[in-house]
Number of protein chains: 2
Amino acid sequence: MRASDRAYNVLREDIIEWRLRPGTVLAEVEQSERLGVSRTPVREALGRLAAEGLTTAAGGRGVVVTDISLDSIDELFELRETLEVRAAALAAQRGEPGVFAELHAQLLLAPELLRDQDPARHEYYALVSRLDDAIDAAVSNSYLANAMRSLRVHLVRVRRLAADDAARLHAAAAEHAAIAEAIAAGNPRLAEAATTVHLHRSLTHVKATHTAR
Amino acid sequence: MRASDRAYNVLREDIIEWRLRPGTVLAEVEQSERLGVSRTPVREALGRLAAEGLTTAAGGRGVVVTDISLDSIDELFELRETLEVRAAALAAQRGEPGVFAELHAQLLLAPELLRDQDPARHEYYALVSRLDDAIDAAVSNSYLANAMRSLRVHLVRVRRLAADDAARLHAAAAEHAAIAEAIAAGNPRLAEAATTVHLHRSLTHVKATHTAR
DNA sequence: CATGCCCTCAGTGTATACATAAAGTGCCTA
DNA sequence: TAGGCACTTTATGTATACACTGAGGGCATG
């Protein structure tokens with residue numbers, strides 16, 4: 001793997017996992033020493049991060065990790081709803097019903113995945129991610145897929161902020177199952193509605209746990 | 001201005017204006033000689049172009065200018081409709097009516113702008129661009145604005161392909177005026193409808209002139 | 001004559017040296 | 001003592017040298 005890719009992945013993970021807090025200044029020399037590569041690949045990595053919106057150029061004086069305020073979470077979910085509601089409707093029109101019926105069945109069994117003591121909930125999140133991938137594939141629109149992919153980076157940051165408890169994850173799994181079911185049934189309006197409901201619940205939960213801190 | 005910015009702007013313009021055709025391989029040394037700067041700023045410019053989707057990495061062997069096929073135009077307009085319909089509705093809810101009433105009045109006079117012999121239609125496109133900016137400002141959602149901005153780059157490429165004739169521009173001005181009117185009236189559903197109509201007409205025109213070649 | 005291997009070369013990936021500009025600090029002056 | 005100017009420092013911006021990988025062509029052999 002290229003050094004610039006490694007630098008990009010490390011910095012990206014550090015920002016998403018909140019090891020680099022918003023407002024942190026990322027200087028090129030500092031990061032190149034920390035990552036053990038020269039400034040050139042670090043520059044490329046910082047450029048990619050800025051293009052994704054994870055960092056912001058700070059007036060010629062390095063880049064800073066982008067902040068996530070409560071207002072920006074509202075904006076983020078407004079775009080998310082716009083894109084995902086449409087994607088769900090298109091998937092219901094174009095998707096293979098069998099794929100989503102299978103995902104629906106698996107999502108109904110999600111509580112079993114959440115019973116064991118995996119604190120990171122890897123299997124659960126992998127299942128949800130498979131639903132996202134299936135929707136992307138069903139929509140088969142590269143521009144829409146790119147817009148959603150760039151959005152999901154920011155959403156993972158928000159999720160890390162929200163501290164998903166078991167109760168919320170159980171409810172979210174049921175909401176995801178409803179989305180998969182609507183797509184499998186080929187019902188675009190129902191898919192839109194299920195997605196709208198899920199996103200509003202998700203946003204409400206995020207804001208509740210965030211303001212509680 | 002920085003050399004990397006100049007390289008970025010030149011390459012971006014060359015791609016948008018179709019001086020660099022889709023499929024053209026952009027080699028770093030070649031472009032650095034053409035632009036009179038070293039490889040470093042050229043690399044940064046190529047990275048930014050790739051992040052916008054104007055170029056695609058060709059397996060470690062340089063980057064190539066992204067193609068625009070008929071299929072990709074359909075995908076592009078599917079995302080465009082998703083974003084702009086929502087943006088128009090939000091602008092109708094949040095915008096200052098006076099701003100859009102003024103734009104409405106100016107758009108009704110657009111035929112006068114199209115009467116003189118400016119082949120590039122600068123004043124007309126500047127007016128439409130002001131409407132876009134006003135919608136962006138009224139929505140006041142940076143994520144949505146970013147998504148639409150990254151989309152507009154590709155749309156300009158398509159426009160260059162379409163050869164807008166005077167008849168189409170007159171009709172488009174009337175459609176834009178209808179959008180501005182609906183937003184000024186604070187009517188989200190009407191703004192959605194007017195935007196949907198405009199985008200479908202626009203897509204139909206683009207595809208008609210494109211297949212005619 | 002065809003096929004496979006090796007060599008060359010072109011182009012990207014990385015490191016580093018140098019130029020340049022901005023911000024902070026300290027000193028001088030009013 | 002406060003404010004402004006200049007200097008120093010430290011960062012980014014740019015150029016260039018070197019490394020490495022992959023592709024294409026030529027030569028040799030079966």
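In what follows, chains are A, B, ... by sequence order, proteins preceding strands, each numbered from 1.
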Salt bridge flag under 4.0 Å for residues [X] and [Y]:
| X | Y | value |
| --- | --- | --- |
| B:D67 | B:R21 | no |
| B:R39 | B:E30 | no |
| A:E81 | B:R86 | yes |
| B:D14 | B:R34 | yes |
| A:R149 | A:D136 | no |

Taking atom [atom2] of [N] as reference, at what distance in whole Å does atom [atom1] of [X] sit?
| X | N | atom1 | atom2 | value |
| --- | --- | --- | --- | --- |
| B:E28 | D:dA15 | CD | P | 14 Å |
| B:R6 | D:dG13 | CZ | P | 14 Å |
| A:D5 | C:dT12 | CG | C1' | 13 Å |
| B:E30 | C:dA10 | CD | C1' | 13 Å |
| B:L26 | C:dG11 | CG | P | 13 Å |
| A:E33 | D:dT10 | CD | C1' | 13 Å |
| A:L35 | C:dA15 | CG | C1' | 15 Å |

Contact list for DNA chain D against residues 37-56 of chain B - heavy-atom distance below 4.0 Å: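 Those residues whose heavy atoms fall under 4.0 Å from DNA chain D, taken from residues 37-56 of chain B in numerical order, are B:V37, B:S38, B:R39, B:T40, B:P41.
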Hey, is the side chain of B:S4 poking within less than 4.0 Å of OP1 or OP2 on D:dG13, counting only N and O atoms?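 Negative; the distance criterion is not met.
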Only counting residues at least two apart or in another chain, list the ones meeting side chain to side chain contact (heavy atoms under 4.5 Å, CB included) with B:V153.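 For B:V153 the side chain to side chain contact (heavy atoms under 4.5 Å, CB included) partners, ignoring immediate neighbours, are B:R12, B:I16, B:E52, B:L54.
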